[in-house]
Amino acid sequence: MIRLVCINELYQLLWEEYGPQHWWPAQSNFEIMVGAVLTQNTAWRNVEHALTNLKQARVLTPERILATPQHELSELLRPSGCYNVKAHRLRALCQWLVDNGGHAYLNCRSTRELRDALLSVHGVGEETADAIILYAFERPVFVVDAYTKRLLSRVGLIQGKEKYLTLQSLVAEQLGPNTVDFNEFHALIVEHVKRSCQKVPRCRECQIRHRCSYPVKTTQA
DNA sequence: ACCCAGGGTCATA
DNA sequence: TATGACCATGGG
């Protein structure tokens, strides 16, 4: 088990190994928000299928999604799984955008106001809200996901039982409130997990069932 | 056939 | 506060 001294060291190692990730992959801010909802507990590959469906149906705007019947929307979202739930959540997000004048008008609000408003939208939790704030609104908010928690725990930087906001402020303290670094760090963590454990169903060293998150430059021996 | 994925909500204790 | 069920497709 490799142990690291600080979060900056982990960030630096990941950066050296993988380089810039150019997140979030999307053609518009709205597409980022849609993707953030669709990717909940879902592999990104499946989300891409659903996004393609929405584009081909020419419905990738808040107004057009709201004008699309529920069952039709569900069918377009089918490849991303949980499609009935996500159709409902996507509608809630679109309604919120329309009610608040869209991205441009919302962008005048403070980051905290944005976060609170997003959290009040049905289907938007802390991680989804922060992903939207960081990648669509480009505000310095770090996105804490399960990978982050697991990786920081593995390398001995946290205990593992910390709450979301605790981890978020921990990263912010060490990296400094920087949108670019928050963007890259989160993307690098996700990319690292994807790449490092693609063909490792079970790790010998840590005996974790499926994908393990070693720091870079360590193999499964 | 099982496990998980770029989570969140809701019911229960 | 803290688990557990549920959503549901697609790839390993």
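All heavy atoms count here, side chains included; hydrogens, waters and symmetry mates do not. Naming convention: chains lettered A, B, ... in sequence-line order (proteins, then strands); numbering from 1 in each chain.
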Query raised in the report: Quick check: are there more than 12 heavy atoms from other residues, nucleotides or ligands sitting under 6.0 Å from NE2 of His103(A)?
Result: yes
Report task. Could you say whether Pro25(A) or Val124(A) is positioned toward the 5' end of DNA chain B, judged by the nucleotide with the nearest heavy atom to each? Result -> Pro25(A)
Query raised in the report: Within the pair Asn84(A) and dA8(C), is there a side-chain N or O less than 4.0 Å away from OP1 or OP2?
Result: yes
Query raised in the report: Given dA5(B), dG12(C), dG8(B), which nucleotide is nearest the side-chain atoms of Thr128(A)?
Result: dG8(B)
Query raised in the report: Nearest-Å distance, CG (Leu38(A)) to C1' (dG8(B))?
Result: 14 Å
**Report entry** dG6(B) pyrimidine/purine six-ring stacking with Trp24(A), under 5.5 Å and 30°
**Finding:** no
Query raised in the report: In whole angstrom, what separates Asp145(A)'s CG from dC4(B)'s C1'?
Result: 14 Å
Report task. Using a heavy-atom cut-off of under 4.0 Å over every strand shown, decide if Ser80(A) touches base, sugar-phosphate, or nothing. Result -> nothing
Report summary line: Taking dG12(C), dA8(C), dG7(B) as options, the one with an atom nearest any side-chain atom of Arg45(A) is dG12(C)
Query raised in the report: Out of dG10(C), dA2(C), dG6(B), which nucleotide sits closest to the side chain of Lys163(A)?
Result: dA2(C)
**Report entry** Arg91(A) CZ - dT9(B) C1' separation (whole Å)
**Finding:** 19 Å
Query raised in the report: Distance-only, no hydrogens or angles: does the Thr39(A) side chain make a donor-acceptor pair with backbone N or O of Gly35(A) under 3.5 Å?
Result: no
Query raised in the report: Is Lys149(A) salt-bridged to Glu162(A), going by a charged N under 4.0 Å from an acidic O?
Result: no
Report task. Would you mind telling me which of dC10(B), dG8(B), dG6(B) lies closest to the side-chain atoms of Lys194(A)? Result -> dG6(B)
**Report entry** Electrostatic pair Arg112(A)-Asp116(A), nearest N-O below 4.0 angstrom
**Finding:** yes
Report task. Could you check how far CG of Asn41(A) sits from P of dC10(B), rounded to whole Å? Result -> 17 Å
Query raised in the report: Is there a donor-acceptor pair under 3.5 Å between the side chain of Glu113(A) and the backbone N or O of Ser110(A)?
Result: yes
Query raised in the report: Does Tyr147(A) make a side-chain N or O approach to OP1 or OP2 of dG6(B) shorter than 4.0 Å?
Result: yes
Report task. With heavy atoms under 4.0 Å as the rule, sort His122(A) into base, sugar-phosphate or nothing. Result -> sugar-phosphate
Query raised in the report: Does dT9(C) have OP1 or OP2 sitting under 4.0 Å from an N or O in the side chain of Arg78(A)?
Result: yes
Report summary line: With the side chain defined as heavy atoms from C-beta on, Asn46(A) is closest, among dT9(B), dG10(C), dA5(B), to dG10(C)
Query raised in the report: To the nearest Å, how far apart are His71(A) NE2 and dA8(C) C1'?
Result: 19 Å
Query - Complement of dA1(B), any strand, by Watson-Crick or G-U distances under 3.5 angstrom - result: none
Query raised in the report: Just how far, in rounded Å, is P of dG6(B) from CZ of Arg195(A)?
Result: 14 Å
Requested in this report: Tell me which nucleotide among dA8(C), dG10(C), dG6(B) gets nearest to the side chain of Cys82(A).
Outcome: dA8(C)
Query raised in the report: Expressed in whole Å, how much space separates the C1' atoms belonging to dC2(B) and dA8(C)?
Result: 15 Å
Query raised in the report: If we take the P atom in both dC6(C) and dG6(B), what is their distance in whole Å?
Result: 24 Å
Requested in this report: With P as the reference atom in both, quote the distance from dC4(B) to dG4(C) in angstrom, rounded to an integer.
Outcome: 14 Å
Query raised in the report: Could you give the CG-to-P distance, from Leu77(A) to dA5(B), as a whole number of Å?
Result: 21 Å
Report task. Give the C-alpha distance, both sets of side-chain angles, the deciding distance and a yes or no for side chain to side chain donor-acceptor pair (under 3.5 Å) between Ser153(A) and Gln159(A). Result -> CA-CA 6 Å; Ser153(A) 178; Gln159(A) 193 174 6; over 6 Å; no
Query raised in the report: Could you give the CD-to-C1' distance, from Glu126(A) to dG7(B), as a whole number of Å?
Result: 11 Å
Query raised in the report: If you measure from the Lys or Arg side-chain nitrogens to the Asp or Glu carboxylate oxygens, is any gap between Glu75(A) and Arg78(A) under 4.0 Å?
Result: yes
Query raised in the report: From dG6(B), dA8(C), dT9(B), pick the nucleotide closest to the side chain of Trp23(A)?
Result: dG6(B)
Report task. Please work out if Val190(A) contacts a base, only the sugar-phosphate, or nothing of the nucleic acid, heavy-atom cut-off 4.0 Å. Result -> base
